[in-house]
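Some notes on the structure that comes next.
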Amino acid sequence: MYIDDVLFSGGRIRHDVVKWIKEAAPQQAKLAIVTNANHQLGEWRTGKDIAEAAKEAGKNINVTWWRVFQIEDRKAYMTSSDVLRPTMTPADPATAAYVQGLNLELNARSNWRFGILLLRKRPGAA
């Protein structure tokens, strides 16, 4: 069992589990990864990397994920994500220059729809 507070990009979990697979894991194992919350993109990437490390090591590692909730942050679900995403580049010249300097296409959120986590009413909220 691997326990962590939150999985964002998955770097910490990936580092620790891949090292364990290479250095100490048995040929066959069940691994439960337990967190309070996972960013879905980070969980997907981390799962792929763990599976690849197990395959390279010739080991069969069956991973299950346990979390209290998931945070949608994948680009394919941008219109209903649970994280802040820009809807446009602000008219500010410094910001526009920065965005242009990234040499990336702006993949802006096209609406103000929120993910399921942002729609939940907080206890005590009006």
Side-chain angles (χ1 to χ4, degrees):
M1 181 178 296
Y2 185 101
I3 300 174
D4 202 352
D5 53 357
V6 178
L7 180 149
F8 292 97
S9 67
R12 168 59 25 201
I13 294 172
R14 180 184 312 109
H15 174 269
D16 292 348
V17 172
V18 167
K19 182 178 179 182
W20 171 73
I21 289 170
K22 290 178 180 178
E23 297 176 3
Q27 284 302 114
Q28 187 164 336
K30 292 182 180 181
L31 173 64
I33 299 176
V34 182
T35 62
N36 289 312
N38 288 356
H39 281 247
Q40 287 190 270
L41 179 61
E43 181 179 318
W44 175 77
R45 284 183 178 162
T46 302
K48 278 185 65 171
D49 291 346
I50 290 170
E52 184 178 311
K55 184 177 179 182
E56 288 175 3
K59 296 180 179 181
N60 182 16
I61 309 296
N62 181 2
V63 178
T64 56
W65 298 87
W66 295 79
R67 85 272 306 141
V68 176
F69 62 90
Q70 288 185 301
I71 301 164
E72 180 57 77
D73 66 335
R74 297 171 292 176
K75 286 184 182 179
Y77 300 95
M78 185 174 298
T79 59
S80 61
S81 67
D82 297 311
V83 296
L84 296 174
R85 297 277 190 209
T87 57
M88 65 179 183
T89 302
D92 173 64
T95 303
Y98 172 78
V99 170
Q100 186 176 17
L102 293 173
N103 293 320
L104 298 171
E105 181 181 338
L106 177 64
N107 191 1
R109 189 179 199 130
S110 61
N111 64 25
W112 287 98
R113 216 170 101 205
F114 299 108
I116 191 70
L117 295 177
L118 295 175
L119 294 176
R120 290 187 182 149
K121 185 176 178 184
R122 292 184 188 99

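Note that the coordinates shown come from a computational prediction; the quantities given were computed from them, not determined experimentally.
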For residues 99-106, please give each side-chain donor-acceptor pair under 3.5 Å, one per line with the distance, not counting sequence neighbours.
none

For R74, side chain to side chain donor-acceptor pair (under 3.5 Å) partners two or more places apart
E72

Residue list, side chain to side chain donor-acceptor pair (under 3.5 Å) with Y2, at least two apart or on another chain
D16

Treating Ile, Leu, Val, Met, Phe, Trp and Tyr as nodes and any side-chain heavy-atom pair under 4.5 angstrom as an edge, say whether I21 and V63 lie in one connected cluster.
yes

Same cluster or not: W20 versus L7, using hydrophobic residues (I, L, V, M, F, W, Y) connected whenever any side-chain heavy atoms lie under 4.5 Å apart?
yes

For residues 48-55, which side-chain donor-acceptor pairs fall under 3.5 Å, sequence neighbours excluded?
from : atom 1 : to  : atom 2 : distance (Å)
D49  : OD2    : R14 : NE     : 2.6

More than 12 heavy atoms of other residues, nucleotides or ligands under 6.0 Å from CZ of R67: is that the case?
yes

For Q70 and Q40, the nearest pair of non-hydrogen atoms, with its separation, is OE1-NE2, 3.5 Å

For residues I71 and A37, report the shortest heavy-atom separation together with the two atoms involved.
CD1-CB, 4.1 Å

To the nearest 0.5 Å, tell me how far I33 CD1 sits from L31 CG.
4.5 Å

OG1 of T46 to CD1 of I13, rounded to nearest 0.5 Å, is 6.5 Å

Under the rule for side chain to side chain contact (heavy atoms under 4.5 Å, CB included), what residues qualify as partners of D92, not counting sequence neighbours?
A94, T95

Considering only residues two or more places apart or on different chains, which pairs with a residue in residues 28-39 satisfy side-chain hydrogen bond (donor to acceptor under 3.5 Å, both in side chains)?
T35-N38, N38-E43, H39-D73

